[in-house]
Amino acid sequence: QLQLVESGGGLVQPGGSLRLSCAASGSTLDWYAIGWFRQAPGKEREGVSCARQDGSRIYYADSVKGRFAISRDDAKEMMYLQMNSLQPEDTATYYCAGEPGRDINVTGMCAGAAPLDYWGQGTQVTVSS
């Protein structure tokens, strides 16, 4: 069973940057498509970015295109979300997730087309001056 633990959240000023990390254990990360999701208080969970197991397809929500970048280091069993030009509307709890398999529809994965089985516990990101 894949286990995921996020880190790297915190308080940052508007315009600042953060890099979220997600450590995987219990299974081999390179079998999984990966994703980052976020949920702000009173709002539905949003798929921020999802990427196929081989990186051949990457999805970004329109709200983060050009500012956020998803990456992975399978040798280290890690995935990352680099967040630049952060704005107050990016404030949320951020979760990493994994979906086993190749050729995953990452747009559907991020849209919540099907329940995902593997989630981290979340890390809080607050963008405020």
Side-chain angles (χ1 to χ4, degrees):
Q1 297 289 328
L2 186 68
Q3 298 174 346
L4 302 169
V5 179
E6 302 96 338
S7 60
L11 174 64
V12 62
Q13 292 187 341
S17 298
L18 279 177
R19 188 176 81 155
L20 304 183
S21 299
C22 178
S25 62
S27 185
T28 304
L29 187 61
D30 64 6
W31 294 350
Y32 294 80
I34 59 173
W36 287 93
F37 296 75
R38 66 186 181 186
Q39 188 165 21
K43 294 188 176 181
E44 293 189 355
R45 186 171 59 201
E46 174 189 22
V48 174
S49 181
C50 295
R52 275 190 180 175
Q53 166 262 344
D54 62 0
S56 60
R57 295 286 190 272
I58 299 177
Y59 165 88
Y60 290 102
D62 287 343
S63 57
V64 306
K65 278 181 183 176
R67 301 188 298 124
F68 289 14
I70 190 172
S71 63
R72 65 194 297 160
D73 185 338
D74 290 338
K76 294 182 178 180
E77 303 288 355
M78 296 290 295
M79 66 176 91
Y80 305 98
L81 184 69
Q82 178 67 43
M83 306 186 294
N84 300 325
S85 302
L86 284 161
Q87 300 301 319
E89 52 266 34
D90 295 316
T91 295
T93 301
Y94 283 72
Y95 301 88
C96 59
E99 177 71 7
R102 300 178 185 273
D103 301 327
I104 296 293
N105 181 334
V106 291
T107 301
M109 178 180 173
C110 261
L116 302 181
D117 290 333
Y118 304 105
W119 292 91
Q121 83 288 352
T123 187
Q124 178 67 37
V125 172
T126 302
V127 185
S128 176
S129 56

Connected via hydrophobic side-chain network under 4.5 Å: V106 and L4: no

Pairs involving residues 31-82, ordered by first then second residue, that meet disulfide bond (SG atoms under 2.5 Å apart) (sequence neighbours left out): C50-C110

All heavy atoms of M79 vs all of C96, minimum pair found to be SD-CB, 3.8 Å

Counterpart residues, side chain to side chain donor-acceptor pair (under 3.5 Å), relative to S21 (two or more places apart): none

Nearest heavy atoms of G35 and I70, plus distance in Å: CA-CD1, 4.3 Å

Min side-chain heavy-atom separation V125-L20 under 4.5 Å: yes

Other hydrophobic cluster members with M78, side-chain heavy atoms of Ile/Leu/Val/Met/Phe/Trp/Tyr under 4.5 Å, chained? Y80

Counting only heavy atoms not in Q1 (residues, nucleotides, ligands), do more than 12 fall under 6.0 Å from its CD? no

Shortest non-hydrogen contact between E99 and M109, atoms and distance: CB-CE, 3.9 Å

Measuring from Q3:CD to S25:OG, what's the distance to the nearest 0.5 Å? 4.5 Å

If you round to the nearest 0.5 Å, how far is CG of L18 from OG1 of T126? 9.5 Å

In Å and rounded to the nearest 0.5 Å, what is the OH to CH2 distance from Y60 to W36? 12.5 Å

Which label fits Y95 and W119: parallel for a plane angle under 30°, tilted from 30 to 60°, or perpendicular past 60°? perpendicular

Minimum-distance pair of heavy atoms, taken over all atoms of A51 and I58: CB-CG1, 3.9 Å

Apply side-chain hydrogen bond (donor to acceptor under 3.5 Å, both in side chains) to the pair D30 and T28, showing each step before the final yes or no. CA-CA 6 Å; D30 64 6; T28 304; 4.8 Å; no

Can you name the nearest heavy-atom pair linking V64 to V48, along with the distance? CG2-O, 3.7 Å

Do V5 and Q121 touch side chain to side chain, with heavy atoms closer than 4.5 Å? yes

Ring pair (Phe, Tyr, Trp, His ring centres under 6.0 Å) with Y118: which residues, sequence neighbours excluded? Y32

When hydrophobic residues are tied together by side-chain contacts of less than 4.5 Å, even through go-betweens, does L81 share a cluster with L116? no

Between D103 and R52, does a side-chain contact (heavy atoms from CB on, under 4.5 Å) hold up when you go through it step by step? CA-CA 7 Å; D103 301 327; R52 275 190 180 175; 3.7 Å; yes

Which salt bridge (Lys or Arg N to Asp or Glu O under 4.0 Å) pairs, counting each pair once, include a residue from residues 40-49, with sequence neighbours left out? R38-E46

Please tell me whether Q124 and T93 have a donor and an acceptor in their side chains that are separated by less than 3.5 angstrom. yes

Looking at every heavy atom in both G47 and F37, which two are closest together, and how far apart are they? CA-CD2, 3.4 Å

With no hydrogens and no angle check, is any side-chain donor or acceptor of D74 less than 3.5 Å from a backbone partner on E77? no

Any residue meeting salt bridge (Lys or Arg N to Asp or Glu O under 4.0 Å) with D117, in chain and number order, not counting sequence neighbours: none

